[in-house]
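By convention in this document, chain letters (A, B, ...) are assigned in the order of the sequence lines, proteins followed by strands, and residues within each chain are numbered from 1.
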Protein chains: 2
Amino acid sequence: MESPPVRPPADPPTATALKLFVVLNRALAAVQAHALADIESQGLTEGEFAILEALYHKGPLLLGDLQRRILVSSGGTTFLVDRLEKRGLVERQLCPSDRRARYAVLTAEGTALIGHIFPAHAESIRRAMSGLGLADQRAAITLLKTLGTEAEALPIEAL
Amino acid sequence: MESPPVRPPADPPTATALKLFVVLNRALAAVQAHALADIESQGLTEGEFAILEALYHKGPLLLGDLQRRILVSSGGTTFLVDRLEKRGLVERQLCPSDRRARYAVLTAEGTALIGHIFPAHAESIRRAMSGLGLADQRAAITLLKTLGTEAEALPIEAL
DNA sequence: TCGCGTTATCTCACTACTGAAATAAATAGC
DNA sequence: GCTATTTATTTCAGTAGTGAGATAACGCGA
């Protein structure tokens, strides 16, 4: 059963886009491996850490806003907040203006934990990114911001 | 229980790295949403698709090589190849020079399937990336390749 | 040839999450 | 003010994947 390899698309726009997709995947995976190391060493998952971090830097957030921010499903948000609540790191609070909504708020314990972990996390991200100089990082930010914004705006096309 | 937001790090190298991490995550998520749409419409997972694609363009591959290529755990590779094998899309073949190793090879049916899906997939990636012009995509590729390579080379630091 | 560290794959118990449906409250139009 | 639509969260069954350990084979040096 021979499977002669098939050449990838040669037309420049498609070939370039595919290559960009590959390096995007690999770059994120490589950087994430560093980030994950210090998150998991604290007994947190990525999702849990993302929530603590968001609340730490933004203050109380409605679950829906949290969800958009951390890129997790709605069920996942409930699940993650449940777990953090059971550990006493976060609590839910009622929203005065909308009885359907709930705020997630850091407890004192949660604030202490993320306040302790975050600096080391920031440092390990800085280190993971250090293959690029500051100017290159800024250039990458500009490009990726455009890419992300435009791709989000584009409707997902069914086949 | 007030949680006054804490300012993120202000020193430029750390602040820039963190921002880059955020936009990297968001850009990939946005592009992947497009890619996922056409993969799942064929009843495949991302991992399954990645394997079919790798075999299609590279020919038979040892499981270990596959694993490195698709960024999945060793157990995951076995699991994914099992599933594709059960569906008759892939087979395992013995490696003549190493009795521990196995090749994964596309069957005729697998070749037909990926040959049918891939062009649409390539097109939807091209479309997802179209927020960036060709020159910008090339610039992004260069930056991300460096970033990924350097981050992979850097030892993961335990806290 | 023997032993030993390494490498390739597999097994399997476990888990973090997804996605679809349910509930409930807010809002818009009539 | 009533109905229909939309929005916010929760529930829960299901799943794709992980990761640690097991097994087997390789290959190097003594």
Side-chain angles (χ1 to χ4, degrees), chain A residues 25 28-29 32-33 35-37 39-52 54-55 60-87 89-105 156 158, chain B residues 25 28-29 32-33 35-37 39-52 60-87 89-105 156 158:
Chain A
N25 267 288
L28 181 59
Q32 237 166 9
L36 227 54
I39 289 172
E40 289 180 346
S41 77
Q42 303 295 326
L44 294 171
T45 67
E46 229 190 315
E48 290 169 335
F49 179 85
I51 288 182
L52 295 179
L55 298 178
L61 247 33
L62 293 175
L63 292 199
D65 294 337
L66 246 187
Q67 184 194 335
R68 264 159 247 130
R69 207 157 206 293
I70 67 174
L71 307 174
V72 159
S73 68
S74 65
T77 308
T78 298
F79 176 69
L80 289 170
V81 172
D82 278 353
R83 235 171 20 187
L84 292 169
E85 203 166 24
K86 273 176 203 141
R87 284 209 229 165
L89 301 174
V90 159
E91 344 177 288
R92 283 178 170 87
Q93 281 179 11
L94 298 176
C95 171
S97 64
D98 185 340
R99 280 192 299 166
R100 295 169 303 177
R102 301 277 179 274
Y103 283 103
V105 190
I156 305 259
Chain B
N25 266 288
L28 182 58
Q32 236 166 8
L36 227 55
I39 288 172
E40 289 180 347
S41 77
Q42 303 294 326
L44 293 172
T45 68
E46 230 190 314
E48 291 168 336
F49 179 86
I51 289 182
L52 295 179
L61 247 34
L62 294 176
L63 293 198
D65 293 337
L66 247 188
Q67 184 194 334
R68 262 159 248 131
R69 208 157 203 292
I70 67 174
L71 307 173
V72 159
S73 67
S74 66
T77 308
T78 298
F79 176 68
L80 289 170
V81 172
D82 278 353
R83 235 168 24 186
L84 291 169
E85 202 166 24
K86 272 176 203 141
R87 285 209 230 165
L89 301 173
V90 158
E91 344 177 287
R92 283 179 169 87
Q93 280 180 11
L94 297 176
C95 172
S97 63
D98 185 341
R99 282 191 296 165
R100 294 168 303 175
R102 300 279 177 272
Y103 282 103
V105 190
I156 306 259

**Study point:** Partner of Glu48(A) under side-chain contact (heavy atoms from CB on, under 4.5 Å), chosen from Leu89(A), Val81(A), Leu84(A), Val90(A)
**Key:** Leu84(A)
How many angstroms lie between atom [atom1] of [X] and atom [atom2] of [Y], to the nearest 0.5 angstrom?
X         : Y        : atom1 : atom2 : value
Leu80(B)  : Thr45(B) : CG    : OG1   : 5.5 Å
Leu55(A)  : Leu66(A) : CG    : CG    : 5.0 Å
Arg102(B) : Glu91(B) : CZ    : CD    : 13.5 Å
Leu52(B)  : Gln42(B) : CG    : CD    : 11.0 Å
Leu63(B)  : Cys95(B) : CG    : SG    : 10.5 Å

Exercise for review: Keeping to residues at least two apart or across chains, list the side chain to side chain donor-acceptor pair (under 3.5 Å) pairs with something in residues 68-82 of chain A.
Suggested key: Asp65(A)-Arg68(A), Asp82(A)-Arg92(A)
Check your understanding: Looking at residues at least two apart in the chain, or sitting in another chain, which of them share a side chain to side chain contact (heavy atoms under 4.5 Å, CB included) with Phe79(B)?
Key -> Arg83(B)
Review point. Do you know the tightest heavy-atom contact between Asn25(B) and Leu71(A)?
Key: O-CD1, 4.4 Å
Check your understanding: According to a strict under-4.0 Å criterion, is Arg92(A) in side-chain N/O contact with OP1 or OP2 of dT10(D)?
Key -> yes
Check your understanding: Can you tell me how far C1' of dG27(D) sits from CZ of Arg99(B), to the nearest Å?
Key -> 14 Å
Practice item. Whole angstrom is fine here: how far is it from CZ in Arg102(A) over to C1' in dT11(D)? Key: 15 Å
Practice item. Walking along DNA chain C from 5' to 3', note the first and the last nucleotide with an atom under 4.0 Å from a heavy atom of chain A, and give both. Key: dA16(C) to dA26(C)
Exercise for review: Sequence neighbours left out, what passes ring-ring contact (aromatic ring centres under 6.0 Å, His included) with Phe49(A)? Give chain and number order.
Suggested key: His121(A)
Check your understanding: For the helix from dT1(C)-dA30(D) to dC30(C)-dG1(D), how many degrees between its two end axes (five pairs per end), to the nearest 10°?
Key -> 30°
Check your understanding: Which nucleotides of nucleotides 17-24 of chain D have their base under 4.0 Å from a protein heavy atom (B), which only their sugar-phosphate (S), and which neither (-), written as one string 5' to 3'?
Key -> BBB----B
